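Report on the structure given below.
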Amino acid sequence: MLDIKLFRTDPEAVKTAVARRGDDTSAVDRVVELDSRLRTVGTERDNIRSEINGLSKQVGQLHRDGKGDEAAELQTRSKELGEREKLLSEEAEVLQDKVRHELLYIANMPADDAPDGLTEDDNVVVRVENLQDEYADHQKVPHWEVGEELGILDVDRAVKMSGSMFAMYRGAGAHLLSALITYGLDRNRDAFEQVRPPTVVKTDTMIGTGHLPKFEDDAYHLERDDLWAIPTAEVPLTSLVAGEVLDAAALPMRLMAHTSCYRREAGSAGRDTRGLLRVHEFDKVELYSFCTPEQAPDMHREILERAENAIRDLGLAHRVLDLACGDISGAGARTYDIEVFAPGADRWLEVSSVSWCTTYQARRANIRFRREGEKGTDFVHSLNGSGLAVPRVWAGIVETYRQADGSVRIPEVLQPYMGGLTEIPAPS
RNA sequence: GGAGACGUGGCCGAGCCAGGUUGAAGGCGCUUCCCUGCUAAGGAAGUAACGUCGUAAGGCGUUCGUGGGUUCAAAUCCCACCGUCUCCGCCA
């Protein structure tokens with residue numbers, strides 16, 4: 001969430017930021033109004049508490065001195081104050097909850113240099129690499145057809161057991177999947193600590209990243225135990241140090257995780273339902289970092305570079321987009337997407353989203369750091385990026401590398417991860 | 001799932017049974033200063049976070065796992081929950 005102080009000192013700046021996303025600015029006014037009332041009530045409450053504390057001390061002293069009569073008098077007064085205090089406390093609590101509720105729904109402020117615009121059409125194409133002018137006919141077969149033909153993707157049976165928008169990989173297809181995961185992890189092992197977090201988490205953990213309360217409909221909820229299936233490893237990784245104060249020396253912290261990711265895709269029913277374009281459960285290697293504000297810009301570049309290099313080395317046509325304000329997810333201030341061109345599906349597939357979340361998540365999850373030799377603490381910056389969103393990369397490979405004879409060649413960098421396999425042969 | 005023990009500051013650890021000058025003894029660690037050729041040892045002082053008011057100094061408030069309750073007053077009493085450990089049960 002945003003810093004409440006900003007609403008006091010410069011509400012117009014907050015409104016401008018909210019407007020750049022195309023969100024409703026009236027929430028800003030509500031926060032300012034509620035916060036002002038909260039402080040009035042809070043101050044009065046604190047004054048009364050102070051008085052009660054003073055009286056209580058006197059009562060204790062009087063009892064020790066054996067002056068019970070005088071004590072009784074003060075107790076009565078204190079009790080009266082207590083009733084007033086209770087009312088004010090309740091009022092303050094209600095206001096506090098309202099402010100927090102409003103703040104939880106307000107998205108992060110886009111970075112100043114994030115492109116203007118409210119829709120994905122406003123995204124700025126930073127670069128396009130490796131795109132061919134013309135793709136061969138044998139590449140223009142969508143991966144769901146290739147997958148079925150080669151027996152490596154079994155969507156029908158996945159649907160039989162789990163419903164639409166689930167997938168099942170088989171044989172060399174499953175092997176390709178695990179190869180991609182290991183490839184994605186190994187490339188970043190030089191600097192990133194691998195984590196295998198829980199993939200089912202508590203409500204607070206989901207709030208920390210900004211996935212709740214606003215996007216409740218998009219997540220799977222296990223009601224019996226009040227747990228949520230994570231939509232991305234970003235969720236548990238953010239919570240890894242929730243509530244902690246880190247040493248500046250420990251920053252930047254680099255983490256990576258491979259997990260399954262679960263998404264209800266409530267708003268996308270009937271869209272992109274073919275093959276692996278959009279599935280409820282998928283594998284992803286996530287890159288993650290906590291760092292100081294000073295380190296953040298370099299870290300943003302680093303994660304983007306690592307994610308893009310992984311795609312580039314697979315030989316896939318791809319482009320990098322600088323997302324327009326309105327297309328940046330709630331927690332992000334600046335986001336670059338990497339999209340792979342899938343010649344069979346004939347479309348760009350988002351395979352990575354690299355976001356700089358400034359202090360937005362740190363405030364929600366209460367993650368701070370201490371600067372060497374300085375008093376007090378600051379909130380860390382958090383950044384995340386998909387190192388490799390497996391199904392869509394899988395799709396890009398299967399379509400791009402399909403040969404004229406119907407076989408699929410394995411990109412060279414992946415061959416060591418597939419026991420030297422060079423191609424998935426066409427059925428005889 | 002059942003039984004028991006426990007959860008205190010950066011760490012260790014007292015306080016809880018007998019509620020009150022306890023934001024919390026003592027120790028360790030850390031910072032500054034003194035002493036010292038250097039280091040070690042020794043001496044002195046300091047050493048939480050957050051909120052709020054204030055230009056500041058500082059004031060006030062909150063925090064002893066979390067949330068409620070009792071009381072003039074809660075680390076201390078009561079209730080619920082969470083977590084840790086031990087034993088039993090179940091189990092990949």
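Just so you know, these numbers come straight off a predicted model, no measurement behind them. Chain naming here is simple, since letters A, B, ... match the order of the sequence lines and numbering starts at 1 in each.
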Here the distance between atom C1' of B/rC11 and atom CG of A/Asp247, to the nearest Å, is 13 Å
Closest nucleotide among B/rC60, B/rG51, B/rA49 to the A/Lys5 side chain
B/rG51
Taking a pair to mean Watson-Crick or G-U wobble geometry with both distances below 3.5 Å, B/rC64 pairs with none
B/rG65 to B/rA57 separation - C1' atoms, rounded to the nearest Å
36 Å
Please encode protein proximity along nucleotides 65-76 of chain B as a string of B, S and -, counting only heavy-atom distances under 4.0 Å.
---S---BS---
Spacing of the P atoms in B/rG67 and B/rU8 (rounded, Å):
16 Å
Presence of A/Arg49 side-chain N/O under 4.0 Å of B/rC60 phosphate oxygens OP1/OP2
no
side-chain N/O A/Thr43 vs B/rC53 OP1/OP2, d < 4.0 Å
no
What is the distance, rounded to the nearest whole Å, between atom CG of A/Leu103 and atom P of B/rG51?
13 Å
A/Trp228-A/Tyr262 aromatic ring centre distance below 6.0 Å:
no
Among pairs that include at least one residue of residues 89-118 of chain A, which meet ring pair (Phe, Tyr, Trp, His ring centres under 6.0 Å), considering only residues two or more places apart or in two chains?
A/His101-A/Tyr105
Gap in Å between the two P atoms, one belonging to B/rG83 and one to B/rG89, rounded:
23 Å
Distance alone, cut at 3.5 Å: any donor-acceptor contact between the side chains of A/Glu308 and A/His318?
yes
Distance between the C1' atoms of B/rG1 and B/rG23, in whole angstroms?
41 Å
What is the pairing partner of B/rG20, taking Watson-Crick or G-U wobble pairs with both distances under 3.5 Å in any strand?
B/rC72
Taking pairing as Watson-Crick or G-U wobble with both contacts under 3.5 Å, can you name the mate of B/rC91, or confirm there isn't one?
none
In whole angstrom, give the distance that lies between atom CD of A/Glu244 and atom C1' of B/rA48.
16 Å
Assess the side chains of A/Thr209 and A/Glu234: does a donor N or O sit below 3.5 Å from an acceptor N or O?
no
Return the pairing partner of B/rG46 with a 3.5 Å limit on both distances, Watson-Crick or G-U wobble; otherwise return none.
B/rC30
In the strands shown, is B/rC85 matched to any nucleotide by a Watson-Crick or G-U wobble pair with both distances under 3.5 Å, and which?
B/rG4
Using whole Å, what does the distance between atom C1' of nucleotide B/rA48 and atom CZ of A/Arg368 come to?
10 Å
Check the pair A/Glu44 / A/Arg84 against salt bridge (charged side-chain N to carboxylate O under 4.0 Å, His left out), numbers first and verdict last.
CA-CA 10 Å; A/Glu44 198 184 341; A/Arg84 175 95 181 113; 2.6 Å; yes
Among all residues two or more places apart in sequence or in another chain, which pass the side chain to side chain donor-acceptor pair (under 3.5 Å) test with A/Ser78?
none
Inter-nucleotide P distance (B/rC35, B/rA44), Å rounded
15 Å
Check A/Leu237 against A/Glu286 and note the closest heavy-atom contact, atom names and distance.
CD1-CG, 4.4 Å
Atom pair distance, as rounded to whole Å: CG in A/Leu38 and C1' in B/rC50
14 Å
Minimum-distance nucleotide to A/Asp46 side chain [options: B/rG61, B/rA49, B/rU21]
B/rG61
Rounded to whole angstrom, note down the P distance from B/rU55 over to B/rG43.
44 Å
Can you tell me how far P in B/rC82 sits from the matching atom in B/rG46, rounded to whole Å?
43 Å
Out of the candidates A/Asp322, A/Thr358, A/Asp112, A/Asn108, only one should pair with A/Arg334 under the side chain to side chain donor-acceptor pair (under 3.5 Å) rule; please name it.
A/Asp322
Between A/Asp204 (CG) and B/rC81 (P), how many Å, whole number?
18 Å
For B/rC35, what is the paired nucleotide under Watson-Crick or G-U wobble rules, both distances under 3.5 Å?
none
What is the separation between atom CG on A/Leu227 and atom P on B/rC82, rounded to the nearest whole Å?
12 Å
Nearest-angstrom distance, C1' atom, B/rG15 to B/rC64:
11 Å
Residues A/Gln61 and A/Arg64: side-chain donor-acceptor under 3.5 angstrom
yes
Euclidean distance, atom CZ of residue A/Arg8 to atom P of B/rG54 [Å, nearest integer]:
11 Å
